[in-house]
Amino acid sequence: MSSSKSNNSAKSAVADGNSDANDEDKNELCPGFKDADAFVKHGLGAVLSATKESSGLPQTGDEYDFYRSFPGFQEFCDSQGDQILHCMSQIMQYHGCRSHIRDQNKLTGVEERFDLVVDSNDVILERAGILLDEADGVNRGQKPVMPVGFQPPKIVVSSWNRKGLGSGSRSETFRLLHAKNIARPQLKFKEKIDNSNTPFTPKIFIKPNAVKPLPSYFTNQQIRKERPEDLDVPAALADFIHQQRTKEYVEDMFAHPYQYELDHSTIAESLLSKPEPQMYKPVEETKLSFVDTLEDLVALNEKLCKLPEFAVDLEHHSYRSFLGLTSLMQISTREEDYIIDTLELRSEMYILNEAFTDPAIVKVFHGADSDIEWLQRDFGLYVVNLFDTHQASRALNLARHSLDHLLKHFCKVESDKRYQLADWRIRPLPEEMVQYARTDTHYLLYIYDCVRVQLLDVNHGQHGLIQRVWNKSREISLKKYVKPIFTEESYLQLQRKQKKSFNTQQLTAFRLLFAWRDKLARMEDESTGYVLPTHMMSKISEELPREPQGIIACCNPVPPMVRQQVNELHLLVQQAREMPLLKAEVAAQNKKGFTPIKKTEVTLFGPHDTSKTSESDLPHFPPNEVPVKQGALFSEDEPKTDDDELKGSDLLAQAKITVFQEPETQDEQKSMSVSQMKARRIIESFENPFRMYLPSTNVRVNKNAKFDPSSKIFEISKRWKLQSIEQQQKEQETKRKSKEARQQAKKVKEQRTKAKQSYQESLQNVATVRQQAAESAKADGKKREQASSPVGEVTPKPSKKLMKAAETPQKTEAPPQESFKPFDYSKSDLKVFAGNKSKDGTQFDPNRQTGNFKKKKTPQGQKSNFAAGNKSMSYMAGKSERGFRHNWPKR
Ligand code: AMP
Ligand code: MN
Ligand code: ZN
């Protein structure tokens, strides 16, 4: 208990020493200390003994109240308390923090004072962290997340930001570099984020420009929202019921909603011929609009619908979110630039589908691969008629294919990528970032012209090359977003990249830590790199520290969640240590591509006994049945689940403990110790019924039932399998046929007109978003009828004003429970990220404070306001740890 507190305080002491030694040019450190080491040594000792003493004090609730009835004790407490407060105030003052902690004014609530302490700790630790990083050379590469000197008046959470200004620009710069105090945008999202370990299903519920209507799965909100978890029946039964309900939709659930339209689209003759490049307007003469209301978004959509082309780019944030957040959309027309606050308009962005899927409008992107996925994931947006200038650059064989290069090459514009990795959640956006973002699309239409000219010129006027670029671009727009899925093998893919050969204990630790961080990241909606960077995970696994402190020592700087859950981590490492020690063959195999852990079915639980099921009885699941990327955030690797390889791996690491072993079982179960079983159960908690859709041979949902050939679930899953294979074959055939289909273009056109008609008809009965927006602009705010949506259940969720409409039809139908266990911030343990105040309403006294700290250190310590970590990004992970799983076209 006291250890983690002492550690914490010790760290700040250390940090202080360093900060003074490194950062300022003063030569003497502190009176009486010749160097930082001496100071640290002394400081650590003092802190340790103080901690020891403080944990020896009578506890609140029992002894304390008793002792408190003695005046002598009371007096002593008061005077000591006062001294401590004085000390704290001085430290805070020294660091330029607000320090009214000693004010005897009882009106200043204990909450605020607690906040003060937390904030000050943040400042101090942050500074220490930065300096330590700098000393380590860790963060040198990714400096300016924020422009120096930028003041974020509207996003400050704590008042010390204002007060602190006097203390010099240095601390200001620190805060900004780390983009501290950014309220989590997720908190404002109308639709909860779904971090569950289930495949992504498209968000689209209304399909403009449809040739083939949207499958009923998407228009039937009921089906979409009824989720197995909500059924009050045993899991296996819930799965079964849910599968029954959804089986007819399975194909649709994973299909690209615009597959048909994209397959049947043809490039207009005019787009294959040589254009007259239209020079971009100078930036200074171009109107820039910031779009952050529904009204403006609707107006923008209207405008876009009338244009032959426009340019699009996105900015993205992935560090403080599990899946990532599209934070900004830039759009440039020939005349104007727009910047859309997609954090604000997240639930409304879908209306742009009208322009984005209109085959008559060209959407120009540069390097759209990620953008296409982000658009689907966050907004349900799709692109029909994409032109990717990155693909054009490749086809032209230009020296480099970055936007930077194209800008230089065609526009003689020098851009700098300083802000590429900026924290794009920041609001209001600083001018520098606005300009940067704008540059990404401002010149793009001109570049689009230029590359088309060249594509034709280098090909002697023939269409071949430019057609190839259009085709490539179409392929990109056909990309489907795939959610990172945690499987039993995910960790191996990552471990393989570590270039370290691990023994069985180390590998087990890596596996357990990987599972821990994946789970926590999903739960808290943080990137895995934020929870525990891979290099730290690797180091802990390698060293297998015996003590919690050892774990802390492997991490520099210590991630907040590691600090909070160090005891939990300690248990995991201990479990790993209990593994029988085998050499590094396993790791060596990994490198060769073997998957040592084959099937990790827990056969102890569940309705069916599958322990006798031999492997050949198990259904075979080819890896790509359903689009699922394996390995959480690091899934660039092709999943290796080849069964032959599996069968060849008879070098499996096998443990000697066989307590749980069924003689016949060939799986890893046999090597499970009690603690391993516990670990397994932790991983088991990732289970969910939608594993049914997952590709892995180790599908573990419905585990036993599913592998039991006598069970219904088995039957169904097999049938789905077949259906899905059929579907894939169909899809491929469709692609082959897409050429022929062009001849049928006429017919398609007719169909399209029809579909458009019916789409429009469907809109007749109801107010469109546009109308709603128009109304909302007209009417006087609050009393507005919200029309039911074209598809009945789904009502476009408009602006806040619209949201307030009380007597809406939407209200009458109880919103179906979100399933897939969407991320619920109200349940998050880390609410404090939003700057929530401590709930503790009692008076401030040092002992009380101790009580607070104690709470933090309980195993469920997440609940706490742990001083250092919670409120701020007190540390930054290395570049490679940012949780990106995309390949970026270089800028
Ligand atoms: P861009 O298309 O260059 O504007 O990049 C869009 C988003 O992709 C940025 O906001 C970043 O979040 C992310 N991004 C771009 N390049 C990189 C990179 N080299 N490493 C990590 N993230 C990147
Ligand atoms: Mn981009
Ligand atoms: Zn960009």
Side-chain angles (χ1 to χ4, degrees), residues 139 141-146 179 182 185 288 310-332 337-343 356 363-379 381 383 386-393 400-408 413 415-427 429-430 432-445 447-448 473 476-477 479 481 527-530 533-534 633-634 636 876-891:
N139 266 347
Q142 37 167 299
K143 273 304 157 62
V145 174
M146 282 293 291
I182 293 181
L288 170 71
F310 57 87
V312 187
D313 185 40
L314 303 174
E315 300 307 327
H316 186 259
H317 176 87
S318 56
Y319 187 51
R320 302 300 307 273
S321 144
F322 182 71
L323 297 171
L325 306 169
T326 306
S327 306
L328 215 63
M329 179 186 282
Q330 305 98 283
I331 291 183
S332 289
D337 296 330
Y338 297 88
I339 291 191
I340 308 174
D341 185 345
T342 54
L343 295 174
F356 275 49
K363 274 68 66 177
V364 182
F365 284 66
H366 180 86
D369 306 63
S370 306
D371 304 52
I372 291 295
E373 297 190 15
W374 297 336
L375 289 171
Q376 291 175 30
R377 182 196 63 197
D378 291 346
F379 317 128
L381 278 174
V383 180
L386 167 72
F387 186 93
D388 190 330
T389 52
H390 174 76
Q391 294 303 329
S393 170
R400 280 177 295 123
H401 309 310
S402 63
L403 180 60
D404 272 0
H405 186 249
L406 295 188
L407 283 171
K408 212 179 293 170
V413 168
S415 58
D416 80 70
K417 46 174 127 180
R418 225 159 17 117
Y419 296 102
Q420 190 172 46
L421 295 179
D423 190 331
W424 288 101
R425 300 171 305 165
I426 294 165
R427 297 294 182 276
L429 266 182
E432 292 92 327
M433 287 170 74
V434 170
Q435 289 310 324
Y436 170 89
R438 174 185 197 184
T439 311
D440 275 352
T441 53
H442 181 80
Y443 305 93
L444 213 48
L445 290 179
I447 292 175
Y448 162 63
S473 303
I476 292 170
S477 54
K479 281 185 80 168
Y481 172 67
S527 66
T528 52
Y530 176 79
T534 304
L633 294 166
F634 302 90
E636 308 96 83
M876 297 271 287
K879 210 172 193 169
S880 59
E881 297 307 331
R882 295 170 69 91
F884 295 113
R885 35 170 214 92
H886 296 276
N887 291 316
W888 312 105
K890 287 238 166 64
R891 283 183 50 92

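Just follow the structure's listing: the first ligand is 1, and inside any ligand the first atom is 1.
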Minimum side-chain heavy-atom gap [X]-[Y] below 4.5 Å:
X	Y	result
Ile426	Ile182	yes
Gln330	His442	no
Val312	Asp371	no
Leu325	Pro185	yes
Glu432	Tyr419	yes
Asp341	Leu429	no
Leu323	Tyr481	yes
Ile447	Leu407	yes

Pull out every atom of ligand 1 sitting under 4.0 Å from any heavy atom of [X], numbered as shown with elements.
X	answer
Trp424	10 (O)
Glu315	4 (O), 5 (O), 6 (C), 7 (C), 9 (C), 10 (O)
Leu314	4 (O), 6 (C)
Leu421	20 (N), 21 (C), 22 (N), 23 (C)

Can you tell me the N, O or S atom of [X] that's nearest the Zn ion (ligand 3)?
X	answer
Asp440	OD2
Asp313	OD2
Glu315	OE2

(message) Is there a side chain to side chain donor-acceptor pair (under 3.5 Å) between Asp313 and His366? Walk through the geometry before answering.
(response) CA-CA 7 Å; Asp313 185 40; His366 180 86; over 6 Å; no
(message) Is the ring pair His316/Trp374 parallel, tilted or perpendicular, if the boundaries are 30 and 60 degrees?
(response)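 Aromatic pair His316/Trp374 classed parallel.
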So is there a nitrogen or oxygen of [X] less than 3.5 Å from a nitrogen or oxygen in ligand 1?
X	value
Asp440	yes
His316	yes
His317	no
Asp313	yes

(request) Without swapping roles, check the side chain of Thr389 against the backbone of Phe365 for a donor-acceptor pair under 3.5 Å. (result)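 Checked: pair present.
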(request) Could you name all protein N, O or S atoms found under 2.8 Å from the Mn ion (ligand 2)? (result)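 Metal shell, protein only: Asp313 OD1.
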(message) Below 4.0 Å from ligand 1: does a non-hydrogen atom of Trp374 turn up there or not?
(response)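 Trp374: in contact with ligand 1 (<4.0 Å).
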(message) I want to know whether Tyr448 and Phe310 have ring centres closer than 6.0 Å.
(response)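 No: the rings miss the under 6.0 Å criterion.
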